[in-house]
Amino acid sequence: MDFNLKKRARHDIKVEVVSLETKYPHNVMLYHFPPTEDVHIDEFEDLALERLRLLRVFDRATTKGLRLLSDDWKEYVNSEMTRDGLRGYLRMCTNGNNKQESDLQMRRRDYLSHFILRLAYCRSEDLLRWFVAREMEFFKYKFAALTTSEIKQFLEENSFHILPLSEEQKDEVKDGLYESTVGQSVAKIELLEFYKVPFTQVLDLVRTRRCYLKAGFAYVNTHDLVSIVGARQMDEIERGMQAAKSFINDVEADERISRMLKSLHNSYTGKDYTVCKDASVPIESLDQLSKTSMPLCMRMCHDHIRSQHHIKHGGRMQYGLFLKGIGVSLEDSLRFWREEFTKKMDVDKFARSYEYNINHNYGKKGSMVNYTPYSCLKIIKEMAAPGDCHGCPYKTLDPPAVKAKLSSYGLSPSAIEEVLFFVSRGHYQFACGKYFMLTHNSTVEPTINHPNHYFEESQILMGNRQKSNRTPGPVQQHNKLRASIRGAANRSMLTGDDDDELWKIAESQEKAYMSQKGIAEAFDDDLDLTEIID
């Protein structure tokens, strides 16, 4: 018997490595095939938040009423992309198809992030419409950067089956081309390439009379081909969104992904104002600063506490965290709140009911979390009840009340109408930006997405602070944003009702106080759960 082992033929499995240039050959891709590569959860979140910042740039440009692809629109979008640390996306929109490693990596980020956001925005019709509109604006901007040869290559590789007119064909319809091509000289039109397509494919050009029609066909120049390509892209995205909707429940089986996707649209993606390292603000200057450098929401909170010597929990959280973000120290913050509240209560009651919460916000008590000041998105979402002073006044107050408040702050009737123009259309952050311009006699309207950003821009304009030239790197920004979405180290999305620890603290304080003083005396002192928390 032969016990010698027989050698088996070895079949080496070769793993095909596909280069980035092969997978992502162009800046402009139709997002047809979903990506199949493995992505770490941290990168998944990074890509989603980066894409959201990008789409919000286009959203702001649209809200400002700038015409898509106009010079003003491009100037605004370019500056906002630079400010938000999106230079990689900006290169995709302005530099054509470069093949450097950094540009290939950017194409990958572009492709993956698009499909990630499909999962976040397929869950409702409103979210879907917003997402598709912003994606199409980004797509058209990228397409506008392509050269004539790149456009030809794009059409061929994506099977559009349209070819430019030959010189003979162009001569046959040249008179019509001259008359229908607006803004171009005859010499320039001679150099342009035109494509003959069924007019039903470019109804937007037909509607605006930007193409020559003859016998059921439209003659479209290279610059307007985006109408044809864009229609295909929109169809791809809309069908992809329906597909994403069909399996979203399976995706959300992972709690980490589910939490991120559900909270993504309302997450804050701007600068972190948790700790102010630039300056220290003494509380003695708050009265003056409220008039010169605070947005309306914070100025009203300050006026309320100065006049009423008390403010409910929502206002304390909103205004207290704002003060921390502008540079008010913990010691000064305790002194500020104590001096005001003790005009209506004794020092012991303040110490029992309110002092802990102030320390808590500065990360000195409880879970030791250094809480983040509220962003505009969060403040706008706040539901203010009668007697509250927090929330966004442009939203919570009716127009006559806004008008009266702005008038009391010294704005002229014409200036008030400029602000109310945005208020009536629900553009509360642009109303705040207009208020900034009018109160600072500024010719530039800032993009306001955070009350602390408003204060910072005001102080810079007044010469009290220096503008920082350092932009947080992608890793720093994404770590902060990831933490806010996970609800971990940075509670930037915290609401008063969500903070279970504060509720437990309030309840324990309530029980302890009642056991010492008795229920009747507690009510005489007006100390109950609503007083502590509201």
Side-chain angles (χ1 to χ4, degrees), residues 18-33 35 51 54 57-58 68-71 73-75 77-78 81-82 86-115 134-167 169-170 177 181 183-185 187-197 201-202 204-205 210-211 218-237:
V18 182
S19 67
L20 288 177
E21 187 173 353
T22 302
K23 292 177 69 173
Y24 312 107
H26 302 287
N27 286 342
V28 183
M29 300 183 69
L30 290 180
Y31 307 120
H32 180 66
F33 298 105
R51 187 76 172 202
L54 171 72
V57 168
F58 293 104
L68 182 66
L69 299 180
S70 66
D71 291 340
W73 184 91
K74 289 180 181 178
E75 182 181 355
V77 167
N78 292 355
M81 280 192 192
T82 302
L86 299 168
R87 291 184 178 86
Y89 281 106
L90 180 57
R91 287 197 304 272
M92 296 183 73
C93 297
T94 54
N95 292 344
N97 283 318
N98 292 332
K99 296 183 179 180
Q100 298 178 8
E101 179 63 23
S102 60
D103 294 300
L104 296 177
Q105 288 290 347
M106 199 62 236
R107 292 178 195 172
R108 172 184 173 273
R109 297 182 71 84
D110 167 45
Y111 204 83
L112 295 179
S113 63
H114 168 83
F115 280 92
R134 303 293 81 78
E135 284 287 341
M136 289 308 303
E137 289 162 356
F138 176 46
F139 176 83
K140 291 177 179 179
Y141 194 18
K142 286 191 296 181
F143 190 86
L146 298 182
T147 64
T148 301
S149 61
E150 289 169 346
I151 290 175
K152 286 182 180 178
Q153 184 182 2
F154 175 86
L155 296 175
E156 180 180 346
E157 293 186 356
N158 290 281
S159 304
F160 276 90
H161 304 299
I162 54 176
L163 297 173
L165 298 180
S166 65
E167 289 300 323
Q169 292 172 320
K170 193 173 179 180
L177 299 181
T181 307
Q184 302 288 354
S185 64
K188 187 67 178 289
I189 294 172
E190 292 287 348
L191 298 176
L192 283 176
E193 290 190 335
F194 286 82
Y195 295 79
K196 180 181 177 182
V197 298
Q201 293 185 14
V202 288
D204 58 332
L205 298 181
R210 286 168 47 209
C211 63
Y219 293 83
V220 181
N221 68 59
T222 303
H223 300 308
D224 288 331
L225 271 179
V226 69
S227 295
I228 302 171
V229 177
R232 169 88 70 86
Q233 175 67 101
M234 181 177 289
D235 184 58
E236 291 279 3
I237 294 176

### Task
Report the C-alpha distance between R51 and E135 in whole Å, list the side-chain angles of each, state the deciding distance to 0.1 Å, and finish with yes or no for salt bridge (Lys or Arg N to Asp or Glu O under 4.0 Å).
CA-CA 10 Å; R51 187 76 172 202; E135 284 287 341; 2.7 Å; yes
### Message
Using salt bridge (Lys or Arg N to Asp or Glu O under 4.0 Å), reason through D204 and R210 one step at a time and then give a plain yes or no.
### Response
CA-CA 9 Å; D204 58 332; R210 286 168 47 209; 5.3 Å; no
### Task
Decide side-chain contact (heavy atoms from CB on, under 4.5 Å) for F33 and F115; before the verdict, give the C-alpha distance in whole Å, the side-chain angles of both, and the deciding distance to 0.1 Å.
CA-CA 10 Å; F33 298 105; F115 280 92; over 6 Å; no
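Here Q201 pairs with V197, P198, I228 under the side-chain contact (heavy atoms from CB on, under 4.5 Å) rule; sequence neighbours left out. Here S159 pairs with H161 under the side-chain contact (heavy atoms from CB on, under 4.5 Å) rule; sequence neighbours left out.
With values rounded to the nearest 0.5 angstrom, C93 atom SG is found 13.5 Å from F143 atom CZ.
Salt bridge K142/E137: absent, no basic N to carboxylate O contact under 4.0 Å. Look at K170 and E193 and you find no salt bridge, because none of the NZ, NE, NH1 or NH2 atoms lies under 4.0 Å from a carboxylate O.
Heavy atoms of other residues, nucleotides or ligands lying less than 6.0 angstrom from CD of E157 number more than 12.
Proximity of R108 to P35: side-chain heavy atoms (C-beta onward) are nowhere separated by under 4.5 Å. Looking only at side-chain heavy atoms (C-beta outward), F138 and D110 come within less than 4.5 Å of each other. Residues K196 and I162 are not in side-chain contact: their nearest non-hydrogen atoms beyond the backbone lie 4.5 Å or more apart. For the pair F154 and S149, the minimum side-chain heavy-atom distance is 4.5 Å or more.
Note: F139 and Y31 fail the aromatic proximity criterion, with ring centroids not under 6.0 Å apart. Between F194 and Y219, the distance separating the two ring centers is not shorter than 6.0 angstrom.
Checking E150 against H26 by side-chain atom types alone, no donor-acceptor pair falls below 3.5 Å.
Of the residues T94, V28, L68, V226, the one that meets the side chain to side chain contact (heavy atoms under 4.5 Å, CB included) test with Y141 is T94.
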